[in-house]
A.B. asks: 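One structure follows; several queries about it will come next.
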Amino acid sequence: MNSIKMSEDLKNLLYSIPEIDVESLLGSYQKPMRESIRINTLKAREEDVLYMLKEKGVELEKIPWARYGYWVLNDVNISNTIEHMLGLVYIQGAVSMAPVEVLSPKPGELVLDLCAAPGSKTTQIAQFMQGEGVIVANDVNLKRIRALSSNVQRCGIINCIITQADGRRFPLWAKGFFDKVLVDAPCTSLGIVSKDWGAAKKWSFRASERLSKLQLSLAISGFECLKVGGTMVYATCTLSPQENEWVIDRLIASKPNARLESINLEGLKMKKGLLEWQHEKFNPEIERCVRVYPYEHEAEGFFMAKIVKESDGP
Ligand SMILES: C[S@@+](CC[C@H](N)C(=O)[O-])C[C@H]1O[C@@H](n2cnc3c(N)ncnc32)[C@H](O)[C@@H]1O
């Protein structure tokens, strides 16, 4: 088996976070992730789709933390099935279903998905909203928006507006407007290296730090678009504290009306947010953020923070 080439910076990063089981992490980087799907109940009843897939010999097992989420247990190419083409199923990583579970959008709400393409989480949000309310799905990248648009259509979603804008500009038009906001930020992708070995080879502290400034601006922008009482989830699929705890620490420092809430999802193995890293101490509330490591479920690694806007503020 080929082994992954890791930059020196990445080795230093991994050993700077004592709770990471580096051996297990490197092992997980070399293996494909377990396949998982979400049954799209906007188009058909869950039990009917399950029956159709079973008839084809697809073996499934429920993912405990994801409504409508299933592990695929046998070797079948789901993307070639008619059920997939018709939008009855959506192929989505099991841990990537967690941020929308934490956000828990409801029918009738106004929801902003600030970095939405190619639409795994937008289509999941739409499913939770059952066709009532409005989702604004935004991304800056037109090529990726094409994939988002095609996924939204394939899944039969009728209450989604797609926009192309730099997410940092959103408060100019939508300050205080949304019940829920998802910021699934662009990141250095250390939670999905088994899909993209390049992420490990080119990882650097400098790139991570540069990206963290964009992430912080996007998080602030998303927070400003919330109504009072609204909830935002900030998520990344990377392990770097600079792009995770640091961003949330700075967000709550600049927004005294932001409160971090704890996250509980049945069956998902999570670690608390780090309170210090490389001589930097974070706000003790950061413990309410969560980290999921790729080796825990043979799936993606993720970081999530759930933030409520308590009052009007700066
Ligand atoms: C992690 S991906 C989002 C994945 C998506 N939420 C999903 O579940 O399918 C991050 C996205 O952020 C977008 N992005 C990068 N910079 C942005 C910006 N300034 N404003 C809005 N979106 C941005 C990228 O084009 C990319 O599609």
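Please read these numbers as outputs of a predicted model, since none were measured by experiment. If you read the sequence from its start, that first residue is 1, and numbering goes on from there. Whatever order the structure lists ligands and atoms in, that order sets their numbers, starting from 1.
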A.B. asks: Here's one to test your reading of the geometry: is the NZ or CZ of R67 within 45 degrees of the ring axis of F128 and under 6.0 Å from its centre?
C.D. replies: yes
A.B. asks: Tell me every residue that passes ring-ring contact (aromatic ring centres under 6.0 Å, His included) with W65, counting only those two or more places apart in sequence or in another chain.
C.D. replies: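 W65 satisfies ring-ring contact (aromatic ring centres under 6.0 Å, His included) with H297 only.
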A.B. asks: Hey, is K255 close enough to E224 for a salt bridge, meaning N to O under 4.0 Å?
C.D. replies: yes
A.B. asks: For E46, which of Y68, Y51, Y70 qualifies under side-chain hydrogen bond (donor to acceptor under 3.5 Å, both in side chains)?
C.D. replies: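 Option passing the side-chain hydrogen bond (donor to acceptor under 3.5 Å, both in side chains) with E46: Y70.
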A.B. asks: Tell me whether the guanidinium CZ or amine NZ of R291 lies under 6.0 angstrom from the six-membered ring centre of F303 and within 45° of its axis.
C.D. replies: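 Relative to the ring axis of F303, which defines the angle, R291 lies outside at least one limit.
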A.B. asks: Does L42 share a hydrophobic cluster with V49, counting links as ILVMFWY side-chain heavy atoms below 4.5 Å and allowing steps through other members?
C.D. replies: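 L42 and V49: separate clusters.
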A.B. asks: For ligand 1, what are the residues with a heavy-atom contact below 4.0 Å?
C.D. replies: L114, C115, A116, A117, P118, G119, S120, K121, N138, D139, V140, N141, R144, A165, D166, G167, D184, A185, P186, L214, L218
